[in-house]
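Proteins get letters first, then strands, A, B, ... in listed order; numbering begins at 1 in each.
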Number of protein chains: 2
Amino acid sequence: MPTPHYGQPRYLAIAAELRERIENGIMPPGSLLPAESALAAEFRVARGTIRKAIDVLREDGYAATEHGRGTYATGSSYDHSGNREARQQEVPADARMAALFEVAVGTPLIERETVIRRYQQVESVVRAYRLGTAEA
Amino acid sequence: MPTPHYGQPRYLAIAAELRERIENGIMPPGSLLPAESALAAEFRVARGTIRKAIDVLREDGYAATEHGRGTYATGSSYDHSGNREARQQEVPADARMAALFEVAVGTPLIERETVIRRYQQVESVVRAYRLGTAEA
DNA sequence: AGAAATTTGTCCGTATGTATC
DNA sequence: AGATACATACGGACAAATTTC
């Protein structure tokens with residue numbers, strides 16, 4: 001079979017499905033998601049595709065992954081991987097952000113803070129702000 | 001050859017190298033980076049590894065990618081005429097930043113703000129903080 | 001306008017490294 | 001120590017957007 005992705009890429013569709021399960025309580029916050037290999041089998045895709053879907057969930061704050069352990073459903077995430085640490089939270093848009101994003105002041109934004117370390121020392125801290133998930 | 005990643009994963013090392021080229025002006029802001037295939041050849045890695053490195057750059061606001069076109073460097077210490085997409089300024093370290101960088105509160109930090117647009121709309125705003133001291 | 005070349009995007013299958021159980 | 005699970009990396013194939021001819 002080739003690799004068609006008519007309309008929406010598979011990893012986005014799978015991410016949407018998993019997100020729904022989290023919101024519907026099928027996978028309540030705190031619970032462990034099935035292993036990537038299990039999800040790959042269920043959706044009949046390669047494991048890499050499942051990992052991309054989980055990346056999306058993590059970016060949107062719906063899940064947090066820990067090395068050898070698994071991926072948890074969550075509300076606000078904490079992520080620790082390698083030399084980079086990231087944590088994510090919702091913050092209200094201040095005047096400048098509101099102007100840039102063209103939304104009302106106070107609109108919730110997702111702030112992701114990444115701490116980049118280099119030889120035990122903090123090299124830089126990056127804060128990225130985005131609106132909540134957009135698109136259909 | 002197996003796939004060892006002693007110490008730092010290759011994609012992070014490559015991301016650091018590319019980031020340095022952007023900051024050092026080898027790949028000035030606005031310029032197009034070499035194609036993924038070219039970078040893969042240069043670093044002697046698979047294309048997927050280059051893509052992961054570029055993902056990191058994009059997350060940190062150093063690059064923006066367009067389908068079919070290429071990846072642009074976006075990091076900047078100046079602004080090009082009219083609509084500036086990136087600006088840089090000195091700000092004093094607040095309590096959290098001081099703790100992370102292990103310096104005194106009020107120590108000057110360099111804040112670089114990049115506005116990432118995607119098809120006319122602001123997609124995200126990235127603020128990167130680093131110490132004002134020079135480093136390699 | 002149309003075709004070809006270039007470049008990024010998605011997806012597969014496999015192998016191996018590394019952390020946790 | 002062994003099993004399980006996530007992380008990194010490879011190489012190949014095809015899709016989709018852009019540029020070039």
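Of all nucleotides listed (D:dA7, C:dG9, D:dC10), C:dG9 comes nearest to the side chain of B:Glu36. Counting only heavy atoms from C-beta on, B:Ala35 has its side chain closest to C:dT8 among D:dC10, C:dT8, D:dT8. When distances run from any side-chain atom of A:Val45 to the nucleotides D:dC10, C:dT10, C:dC12, the shortest one goes to C:dC12. Considering only side-chain atoms of B:Thr65, the nucleotide from D:dA7, C:dG9, C:dT10 that sits closest is C:dG9. The side chain of B:Tyr11 sits closest to D:dT8 out of D:dT8, C:dG13, D:dA7. Checking D:dA9, C:dT10, C:dC11 against every side-chain atom of B:Arg10, the shortest atom distance belongs to D:dA9.
By the 4.5 Å heavy-atom criterion applied to side chains, A:Tyr11 and A:Asp55 are not counted as neighbours.
At a threshold of 4.0 angstrom between heavy atoms, the contacts of A:Gly70 are confined to the sugar-phosphate backbone, with no base atom among them.
For B:Gln8 and C:dT18, the CD to P distance is 14 Å, given to the nearest whole Å. Separating the NZ atom of B:Lys52 from the P atom of C:dC11 is a distance of 17 Å, rounded to the nearest angstrom. The nearest whole Å value for the distance from the CZ atom in A:Phe43 to the P atom in C:dC12 is 13 Å. Atom CZ of B:Arg51 and atom C1' of D:dG11 are 15 Å apart (whole Å). Rounded to whole Å, atom P of C:dT8 lies 11 Å from atom CD1 of B:Ile50. Going from atom OH of A:Tyr72 over to atom P of C:dT20 covers 11 Å, rounded to whole Å. In this structure, A:Leu39 places its CG atom 17 Å from P of D:dT4, rounding to the nearest Å. One can place CG of A:Asp55 at 15 Å from P of C:dG9, the figure rounded to the nearest angstrom.
Checking side-chain atoms of A:Ser124 against main-chain N and O of B:Arg130 turns up no donor-acceptor pair under 3.5 Å. Side-chain atoms of A:Gln88 come within 3.5 Å of backbone N or O of A:Glu59 as a donor-acceptor pair. In this structure, A:Asp60 contributes its side chain and A:Tyr62 its backbone to no donor-acceptor pair below 3.5 Å.
A donor and an acceptor atom sit less than 3.5 Å apart, one in the side chain of A:Arg47 and one in the base of D:dA7. With hydrogens and angles ignored, a donor-acceptor pair closer than 3.5 Å exists between the side chain of A:His67 and the base of C:dT18.
Sparse packing is recorded around CD of A:Glu102, with 12 or fewer heavy atoms of other residues, nucleotides or ligands lying under 6.0 Å away.
Where A:Arg44 and B:Pro34 each meet DNA chain C at their nearest nucleotide, the meeting point lying more 5' is that of B:Pro34.
A close approach under 4.0 Å does occur between a side-chain nitrogen or oxygen of B:Arg69 and OP1 or OP2 of D:dT19. The shortest distance between the side-chain N/O atoms of B:Thr49 and the OP1/OP2 oxygens of D:dC10 is below 4.0 Å.
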